[in-house]
Amino acid sequence: MRTGSRFDWLKDYLSIDEDIRYLKWKINKMKAEEERWSTGDLFHIHLEAKSTGSHTMDNYEEYQKQVEALQQEQKALLALVNTFKGYSNDLLRLKYIEGKTLEEIAEILGYSESAIQRKRAELHRCLDWLDHWKETKDQLENRLDYQTK
């Protein structure tokens with residue numbers, strides 16, 4: 001039995017995208033700190049083996065591997081999403097994955113921009129309702145589990 005919403009793929013995709021952006025930010029931060037120690041304003045400071053500065057790049061490879069794994073996961077999810085049919089899936093994919101404007105989406109899908117705006121608003125109401133319903137359902141199930149123990 002299916003427990004999630006039919007648009008959980010969008011939440012998953014955006015979550016993966018967020019994780020990738022955060023890891024890339026951490027990698028860039030590491031590189032900047034490494035540069036400070038190797039050629040920048042902290043270059044003249046002698047580093048000890050146990051000092052923080054000597055370990056700025058310790059997690060670099062791990063973060064790179066995580067980014068690559070997440071990118072593969074995202075690519076696989078996108079391949080799956082591209083097989084989905086339906087106006088709603090197309091609209092969500094074009095807007096939130098491909099970053100198209102509502103005007104561009106209207107042109108691609110062959111609808112008026114106002115029709116796309118209405119459908120997007122309808123989808124948001126539906127997704128919000130599904131989120132609220134899932135939270136309420138989970139809370140009720142948790143209370144029932146607690147009462148039966």
Side-chain angles (χ1 to χ4, degrees), residues 1-43 47 52-147:
M1 180 175 193
R2 194 172 158 159
T3 59
S5 115
R6 58 183 262 216
F7 300 113
D8 279 348
W9 63 263
L10 179 58
K11 292 177 185 175
D12 291 344
Y13 184 91
L14 295 174
S15 176
I16 292 168
D17 195 57
E18 187 177 290
D19 291 346
I20 289 170
R21 283 186 279 118
Y22 179 66
L23 284 168
K24 285 183 174 182
W25 175 82
K26 287 177 81 168
I27 289 168
N28 288 336
K29 188 176 170 188
M30 274 186 217
K31 287 178 181 178
E33 188 66 16
E34 175 71 13
E35 188 174 318
R36 286 184 70 206
W37 285 101
S38 61
T39 60
D41 62 321
L42 301 175
F43 177 71
L47 292 175
T52 304
S54 64
H55 297 282
T56 57
M57 297 295 282
D58 284 358
N59 295 320
Y60 178 81
E61 286 185 30
E62 176 188 335
Y63 291 160
Q64 278 295 110
K65 287 178 184 176
Q66 287 177 16
V67 166
E68 290 167 11
L70 287 168
Q71 287 172 331
Q72 288 299 320
E73 187 177 340
Q74 191 177 47
K75 185 177 177 182
L77 179 57
L78 189 54
L80 174 66
V81 168
N82 284 330
T83 68
F84 293 166
K85 303 292 181 228
Y87 179 76
S88 299
N89 285 313
D90 291 341
L91 192 153
L92 292 171
R93 179 181 43 79
L94 291 167
K95 177 69 180 156
Y96 297 104
I97 293 177
E98 296 183 22
K100 303 282 187 197
T101 65
L102 295 181
E103 183 179 355
E104 292 169 325
I105 294 169
E107 187 175 315
I108 292 167
L109 297 180
Y111 291 92
S112 69
E113 188 174 350
S114 62
I116 296 296
Q117 289 171 340
R118 283 191 305 276
K119 185 62 175 177
R120 180 175 172 259
E122 178 186 321
L123 282 170
H124 276 277
R125 283 191 301 275
C126 179
L127 292 171
D128 289 344
W129 182 85
L130 286 170
D131 284 344
H132 177 71
W133 177 81
K134 187 175 185 312
E135 287 175 18
T136 303
K137 180 179 163 275
D138 291 345
Q139 288 171 355
L140 288 172
E141 286 175 353
N142 287 339
R143 278 197 274 170
L144 288 172
D145 286 345
Y146 179 74
Q147 290 174 357

Quiz item: Would a distance-only check, ignoring hydrogens and angles, find a side-chain to backbone donor-acceptor pair under 3.5 Å from E104 to T101?
Solution: yes

Exercise. Would you check if there is a donor-acceptor pair between the side chains of E68 and Q72 at a distance under 3.5 Å?
Key: no

Quiz item: Which atom pair, heavy atoms only, marks the closest approach of I16 to L70?
Solution: CG2-O, 3.5 Å

Quiz item: Under the criterion side chain to side chain contact (heavy atoms under 4.5 Å, CB included), which of L78, L80, L92 is the partner of W9?
Solution: L92

Exercise. Would you check if the distance from the ring center of Y13 to the ring center of Y96 is below 6.0 Å?
Key: no

Practice problem: With side-chain contact (heavy atoms from CB on, under 4.5 Å) as the test, would you mind laying out the steps for Y63 and M30 before giving the verdict? | Solution: CA-CA 10 Å; Y63 291 160; M30 274 186 217; 2.7 Å; yes

Quiz prompt | Cationic N near anionic O, under 4.0 Å, E18 to R21 | solution = no

Quiz item: R118 and S114: side-chain contact (heavy atoms from CB on, under 4.5 Å), yes or no, with the steps?
Solution: CA-CA 6 Å; R118 283 191 305 276; S114 62; 3.5 Å; yes

Self-check item: Evaluation steps, side-chain contact (heavy atoms from CB on, under 4.5 Å), between R120 and H124
Solution: CA-CA 6 Å; R120 180 175 172 259; H124 276 277; 3.7 Å; yes

Quiz prompt | Atom pair CG (D90) and CD (E98), whose distance is rounded to the nearest 0.5 Å | solution = 9.5 Å

Quiz item: Hey, is E34 close enough to K31 for a salt bridge, meaning N to O under 4.0 Å?
Solution: no

Quiz item: What is the minimum heavy-atom distance between I105 and L91, and which atoms define it?
Solution: CD1-O, 4.1 Å

